[in-house]
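Values in this document were obtained by computation on a predicted structure and should not be read as measured data. Counting convention: from 1, in listed order, for ligands and their atoms alike.
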Amino acid sequence: MSLFITFEGPEGAGKSTQARLLYERLQAMDYPVILTREPGGTRISEMIRRIVMDLRHTEMAPTTETLLFSAARAQLVSELIRPYLNTGGIVLCDRYADSTFAHQGYGLGRDLDELQAITTVATGGLMPDLTFYLDLPVDDGLYRKQVAKGRVEQSSPGSTFTTPPEWNRLDARDLAYHQRVAAGFAELMRRDPDRWRQLTAEQPVSALAEQIAQEVEPMLKRVTRLGADA
Ligand code: TMP
């Protein structure tokens, strides 16, 4: 068995930090684990990320944006996520397909059934076992992210990316857009409550990390530790 865990939430909620802390904790416990992000995580997907996030690309059509996120996802699933899950490991991913439904669906108003069809093509139907929603009022998150802009976070060994905070084309959308996205996430959670864990990001980083670790703990029996007899 394997375990696929994703992190979602508004901008600035600390997803990347929490994903990294969980990654380091699981690694220290000798679990086979990788950490990746969307869009990105592979050479090709990181190139697509640069195109889709570039602030200069104001002319990008919503369909192009949707297909670029999906193309980056297709490459990540096929090159990294699915092969690693097939070895019985744990994959942690900072954002995944739910971001497409929330942003391109609820945020930009793209048809949800159409997005579902595109997402199924991109992922082969692979969905997470568990998804954390780190909750924060959208204006607080955007403010946090602006403050953090320019401060370079450290990368960790074994993670497939580094995370310099960036102010990107999607952050720059207006507050109403980000509020539609947050309402979209609420709807996605309502539709699939078993998969989601909604936790407030308005607490110390270490306390939130503990809550996340507690939620993950019961699912770890699906994975064999490195060096343990199968
Ligand atoms: P982040 O790495 O700071 O979370 O930035 C990723 C941005 O891209 C964020 O604004 C959410 C957005 N996004 C989408 O709009 N659709 C998607 O499918 C994904 C994965 C991200």
*Return yes when Glu65 approaches ligand 1 closer than 4.0 angstrom through a heavy atom, no otherwise.*
no
of all protein heavy atoms, closest to atom 10 (O) of ligand 1 is Glu11 OE2, 2.7 Å
Purely on distance, is any nitrogen or oxygen of Arg73 under 3.5 Å from one on ligand 1?
yes
Thr100 N/O under 3.5 Å from ligand 1 N/O: yes
### Message
Tell me whether Arg95 is salt-bridged to Glu11, with the criterion being a basic N under 4.0 Å from an acidic carboxylate O.
### Response
yes
With heavy atoms and a 4.0 Å threshold, my read on which part of Arg173 contacts ligand 1 is neither
Short version for Lys15: what comes under 4.0 Å of ligand 1, heavy atoms counted, is side chain
Subject >> Distance-only donor-acceptor check, side chains Glu210 and Ser206, under 3.5 Å >> reply: no
Per-atom filter on ligand 1: closer than 4.0 angstrom to a heavy atom of Ser99 are 16 (N), 17 (C), 18 (O), 19 (C), 20 (C), 21 (C)
the protein heavy atom lying closest to atom 4 (O) of ligand 1 turns out to be Arg95 NE, 2.5 Å
- Within less than 4.0 angstrom of ligand 1, does Met53 place any heavy atom? yes
| request: Would you mind checking if Arg37 and Glu46 are paired as a salt bridge, meaning a charged N to carboxylate O distance below 4.0 Å? | output: yes
Exercise for the section: Go through Arg169 and Ile51 one step at a time and tell me if the side chain to side chain contact (heavy atoms under 4.5 Å, CB included) criterion holds. Expected result: CA-CA 10 Å; Arg169 200 171 58 81; Ile51 297 169; over 6 Å; no
The protein heavy atom nearest to atom 3 (O) of ligand 1 is Lys145 NZ, 2.9 Å
### Query
So is Arg49 polar-close to ligand 1, meaning N/O to N/O under 3.5 Å?
yes
The side-chain contact (heavy atoms from CB on, under 4.5 Å) partner of Leu92 among Leu3, Thr6, Val33, Ile34 is Val33
Assess whether a salt bridge exists between Asp30 and Arg225, defined as any Lys/Arg side-chain N lying under 4.0 Å from an Asp/Glu carboxylate O. no
Test side-chain contact (heavy atoms from CB on, under 4.5 Å), reference Leu126, set Thr120, Ile81, Thr119, output is Ile81
query = Are the side chain of His178 and the backbone of Asp171 linked by a donor-acceptor contact shorter than 3.5 Å?
reply = yes
Among Phe69, Phe7, Phe101, Trp167, the residue with a heavy atom nearest to atom 13 (N) of ligand 1 is Phe69
_So for ligand 1, is Gln104 a polar contact partner (N or O within less than 3.5 Å, distance only)?_
yes
Quick note, side chain to side chain donor-acceptor pair (under 3.5 Å) partners involving residues 77-90, not counting sequence neighbours, are Gln75-Glu79
So the atoms of ligand 1 within less than 4.0 Å of a heavy atom of Asn168 turn out to be 5 (O)
When rounded to the nearest 0.5 Å, the distance separating CD of Gln104 from CG of Leu68 is 10.0 Å
Contact region, Val52 to ligand 1, non-hydrogen atoms below 4.0 Å, reads neither
